[in-house]
Amino acid sequence: MTDLLRPHRLRLGVNIDHVATIRNARGGEHPDPVRAAQIVEASGGDGITAHLREDRRHIRDDDLARIQAATDLPLNLEMAATEEMLAIALRHRPHAACIVPEKREERTTEGGLDAAGLHNQLAPIVARLGDAGIRVSLFIAPDPRQVEAAMQLGAPVVEFHTGEYAHADGAQRAAELKRISDMAALAARNGIEPHAGHGLTYENVQPIAAIPQLAELNIGHYLVGEAVFVGLEESVRRMRSLMDHAR
Ligand code: PXP
């Protein structure tokens, strides 16, 4: 295969929220998500992803600047579409901002953003982030209506929510995989860079990583959980290697 035909390298963004979750369980500074970001950088990760939630249950405001100062990796800030988060994003100017739905009571981001239904709320936020040079991504379900809505909003990137895929098995998992694959192709055909994430593990990552249009996976909870047993460097390296072998 010539280089032109070879699918591009799939980037790994490591979500370090749950390092902060452990820190916050006791207050204080340990374990520091900044140290996690530095280890990710040294272990083959391509980016740091962090979700500043309204309730600050994991990453806190001051973590953002500390992460940006401590590593050269691009920061992907996950944020709700609110004025508060927009102001924070414009102040910190991360490389990318991924707009996610956020409900106070949820344990994690439970579904995709309704980009179609929320067009009027999202349009000014997408525009202001884009004007500031921040690469906007919309975290959506692998659904043609949502891809169409992302096109209308002029979002350069979409991230497909892989939670349904991750929680399914057998024929249902195969159907979810096909949905993600079809939507990645649709997005790419329309000039949108497709990413994916949520619930990915060593066991389920390779069929997703094999989708040629995907440019980036964002993975957090599983990598931090594995790090308890093997260390963060090893968990990131193993995921990186599984992704590389899937292409
Ligand atoms: N991508 C987005 C937009 C997310 O909100 C999250 C966390 O919910 C992830 C990726 C990573 O998911 P996980 O922690 O399950 O790997």
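Bear in mind that the values here come from a model prediction, so they are computed numbers and not experimental data. Each residue takes its place number in the sequence, starting with 1. Order of listing sets the numbers, starting from 1, for every ligand and every atom in it. All values below were derived from every heavy atom in this structure, side-chain atoms included, with hydrogens, water molecules and symmetry-related copies excluded.
Between His195 and Glu193, the side chains place a donor N or O and an acceptor N or O closer than 3.5 Å (distance only, hydrogens not considered). In this structure, a donor-acceptor pair under 3.5 Å is present between the side chains of His51 and Glu102. Between Glu216 and Asn218, the side chains place a donor N or O and an acceptor N or O closer than 3.5 Å (distance only, hydrogens not considered).
From the protein, the heavy atom lying nearest to atom 14 (O) of ligand 1 is His221 N, 2.8 Å. Atom 5 (O) of ligand 1 has its closest protein heavy atom at Glu78 OE1, 2.9 Å. Residue, atom and distance of the protein heavy atom nearest to atom 12 (O) of ligand 1 are His198 CA, 3.4 Å. Taking atom 16 (O) of ligand 1 as the reference point, the nearest protein heavy-atom neighbour is Gly220 N, 2.8 Å.
Of the polar atoms of Gly199, at least one N or O is found under 3.5 Å from an N or O of ligand 1, judged by distance alone. The N/O atoms of His51, backbone and side chain alike, include none that comes under 3.5 Å of an N/O atom in ligand 1. Between Glu159 and ligand 1, at least one pair of N/O atoms sits closer than 3.5 Å.
Using a 4.0 Å cutoff on heavy atoms, Tyr222 does not count as a contact of ligand 1.
Of the charged side-chain nitrogens involved, at least one lies within less than 4.0 Å of a carboxylate oxygen, so that Arg237 and Glu233 count as a salt-bridged pair. Of the charged side-chain nitrogens involved, none lies within less than 4.0 Å of a carboxylate oxygen, so that Asp32 and Arg35 do not count as a salt-bridged pair.
For atom 7 (C) of ligand 1, the nearest non-hydrogen atom from the set Asn15, Val224, Leu223, Asn218 comes from Asn15.
The atoms of ligand 1 that sit less than 4.0 Å from any heavy atom of Val100 are 3 (C).
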Requested in this report: Under the salt bridge (charged side-chain N to carboxylate O under 4.0 Å, His left out) rule, what do Asp46 and Arg9 come out as? Steps first, then yes or no, please.
Outcome: CA-CA 11 Å; Asp46 301 289; Arg9 182 176 185 269; 2.7 Å; yes
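A 4.5 Å side-chain heavy-atom check between Leu200 and Tyr222 finds every atom pair outside the cut-off.
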